[in-house]
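Below, read A as the first sequence line, B as the second, and so on, with proteins coming before strands; counting in each chain starts at 1.
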There are 2 protein chains.
Amino acid sequence: METTQRTDQERAADRRRRELLEAADRVVLRDGPGASMNAIAAEAGITKPILYRHFGDKGGLYAALATRHTDALLDSLRAALDAPAERRERVEATLDTYLAAIEARPQVYRFLMHPAEGGQQGEGFDVGKHSAPLLRRMGEELAQVIEERLDLGPGGEQLARVWGHGIVGMMHAAGDWWLGERPCSRAELVRSLADLLWGRLAAAGDKVGSPGF
Amino acid sequence: METTQRTDQERAADRRRRELLEAADRVVLRDGPGASMNAIAAEAGITKPILYRHFGDKGGLYAALATRHTDALLDSLRAALDAPAERRERVEATLDTYLAAIEARPQVYRFLMHPAEGGQQGEGFDVGKHSAPLLRRMGEELAQVIEERLDLGPGGEQLARVWGHGIVGMMHAAGDWWLGERPCSRAELVRSLADLLWGRLAAAGDKVGSPGF
DNA sequence: AGCTACGGTTACCGCAGGTAACACTTTAGT
DNA sequence: ACTAAAGTGTTACCTGCGGTAACCGTAGCT
């Protein structure tokens, strides 16, 4: 029957798709962001048009790859976020989880964070339609957890969303910088960021002889 | 004499350079990031090779454009940061200055933030050599101010740098998200972020019936 | 005149994303 | 068994971009 045949073929197609994604993974891990479709196809042992048949365009492949890693990372983050521990410990565990991930596969996460897209010619299109989806998804996810767990009073939902995206951005920028300069250990970075989040900026005293005021 | 001639020519070259940068500005403002060299040259009323004579390559033009806006923005931020006011007020003023800037010229700042670079073939090169320089510069600048003004005890220098980059990242990510969704007014966003920086995350109470613990 | 120096152009290279059209193998229908 | 369809794969091409080489005109100096 058609159905059995179809499922068979769809199974095969799915297997193929996974193989292609793994090949793409390998080449992105090797060549960093900006890996060419040609290179990915070559790594997979095939040629370009097959990639396009499976993923539509480069954005499609990017999306598939991103979804994959994003889902995996979000699962880890959720686990750290939902652990039965004190809030500060959970925050530190979450930060550490993220930093460990980008430390382990910097190329991949650079690829995910810096899509390097843009450039449509028709004027009618919107800008940056799906730029940096990983950051957005993490931000929304964190916002949801914050909103579920914390009592923030009226307007708490919006506050949670701002905080979600803000904290994720903090994590990302600090992580990116840290990955480039390695000025300290991961644990120190985690502590510093958690301290920032815990209000040490407000609590710190002025330096004696501070100029201007 | 050669000197007077040279200065004359250099003056003219500088004027030209400024004209070209302004043209680039216009086209980036219109087409967003990913504006092509051809488009910029056309807007300036000339052709590509002249651009390359002036700026070397696209990275050079990007750098020149970035330096321009970055310097202007950093001046505004420094002014807000150094104002004679309470710390919280200064922080809010700084956040608001940044957000007002990206609100006024979203395309330009998208261009600055998402360089969309990468892709050298020789293996010997470093990755992301000058990626997102605006964020880095803002981070370093803020770090310096923090380190100058606040008494953070031992290890304060590193702490300041982490915070600088972290806060800038928070500002950037929240701003980017806010620019896309406009879920609230700028003032509300500023307040929310300042609240986050002021430790409200740590101070907030658990929600009653919070699952898991 | 003739030479150099500079602003400017056309025409091209290489490479990337993306696609059309063609070839081979399997499977199904009669 | 012969044909027809459908899926897998290929080569060869188009477009547009970053980047460059080679050429053209005009000013000024000697």
Side-chain angles (χ1 to χ4, degrees), chain A residues 1-20 23-24 27-28 31-65 111 115-123 125, chain B residues 1-20 23-24 27-28 31-65 111 115-122 125 130:
Chain A
M1 293 301 166
E2 280 189 355
T3 51
T4 56
Q5 279 174 308
R6 273 219 152 163
T7 34
D8 240 29
Q9 283 171 189
E10 280 180 3
R11 264 186 176 347
D14 273 21
R15 267 190 52 199
R16 208 77 178 112
R17 194 186 164 88
R18 229 160 294 163
E19 287 175 21
L20 297 186
V27 70
V28 161
D31 296 358
S36 83
M37 295 298 262
N38 258 326
I40 294 176
E43 169 71 28
I46 50 153
T47 47
K48 270 195 299 177
I50 304 186
L51 279 183
Y52 285 96
R53 284 229 254 268
H54 274 272
F55 300 104
D57 63 350
K58 189 168 188 165
L61 200 166
Y62 163 71
L65 215 53
F111 170 71
E117 292 296 332
Q120 61 280 349
Q121 48 214 27
E123 293 183 356
F125 251 62
Chain B
M1 291 301 175
E2 281 188 353
T3 51
T4 56
Q5 279 175 306
R6 273 218 151 165
T7 35
D8 241 29
Q9 283 172 189
E10 280 179 3
R11 263 188 180 338
D14 274 19
R15 267 191 52 198
R16 207 80 177 108
R17 195 186 164 88
R18 228 161 295 164
E19 286 175 22
L20 297 185
V27 70
V28 161
D31 296 358
S36 81
M37 296 297 263
N38 257 325
I40 295 176
E43 170 69 31
I46 48 148
T47 48
K48 269 194 301 176
I50 304 185
L51 279 183
Y52 285 96
R53 284 228 253 269
H54 274 272
F55 301 104
D57 63 350
K58 188 168 189 165
L61 200 166
Y62 162 71
L65 215 54
F111 171 70
E117 292 295 332
Q120 61 280 350
Q121 46 215 27
F125 251 62
H130 50 90

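Note: CD1 (B:I46) to P (C:dC6) measures 18 Å, nearest angstrom. In this structure, B:L61 places its CG atom 10 Å from P of D:dG19, rounding to the nearest Å. As rounded to whole Å, 11 Å separates atom P of D:dG9 from atom CG of A:L51. Straight-line distance from the CD1 atom of A:I40 to the P atom of C:dA16: 12 Å, rounded to whole Å. Rounded to a whole Å, the CZ atom of B:R16 is 16 Å from the P atom of C:dC6. In this structure, A:N38 places its CG atom 13 Å from C1' of D:dT10, rounding to the nearest Å.
Heavy atoms only, all atoms of each residue included: B:A39 and B:D31 are closest at CB-OD2, 4.4 Å. Among all heavy-atom pairs drawn from B:I40 and B:L61, the shortest one is CD1-CD1, 4.3 Å. Heavy atoms only, all atoms of each residue included: B:M37 and B:Y52 are closest at CG-OH, 3.5 Å. Scanning all heavy atoms of the two residues, the minimum distance from B:A41 to B:T47 falls at CB-C, 3.6 Å. The minimum heavy-atom distance linking A:V28 with A:A35 is given by the pair CG2-CB, 4.2 Å.
With distances taken from any side-chain atom of B:I50 to the nucleotides C:dT9, D:dC17, D:dG9, the minimum falls on C:dT9.
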Any N/O pairs under 3.5 Å between the protein and nucleotides 18-20 of chain C? List them or say none.
unit_1 : atom_1 : unit_2 : atom_2 : d
C:dG18 : OP2    : A:Y52  : OH     : 3.3
C:dG18 : OP2    : A:K58  : N      : 2.9
C:dG18 : N7     : A:K48  : NZ     : 2.9
C:dG18 : O6     : A:K48  : NZ     : 2.6

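Under 4.0 angstrom from either OP1 or OP2 of C:dG8 there lies no side-chain N or O belonging to B:T47.
Among the protein residues, B:S36 comes within range of the sugar-phosphate backbone only, with heavy atoms under 4.0 Å from sugar or phosphate atoms but none that close to a base.
Within 3.5 Å, a donor on the side chain of A:R53 pairs with an acceptor on the base of D:dG9, or the reverse.
Partners of B:R16 by side-chain hydrogen bond (donor to acceptor under 3.5 Å, both in side chains), not counting sequence neighbours, listed by chain and number: B:E19.
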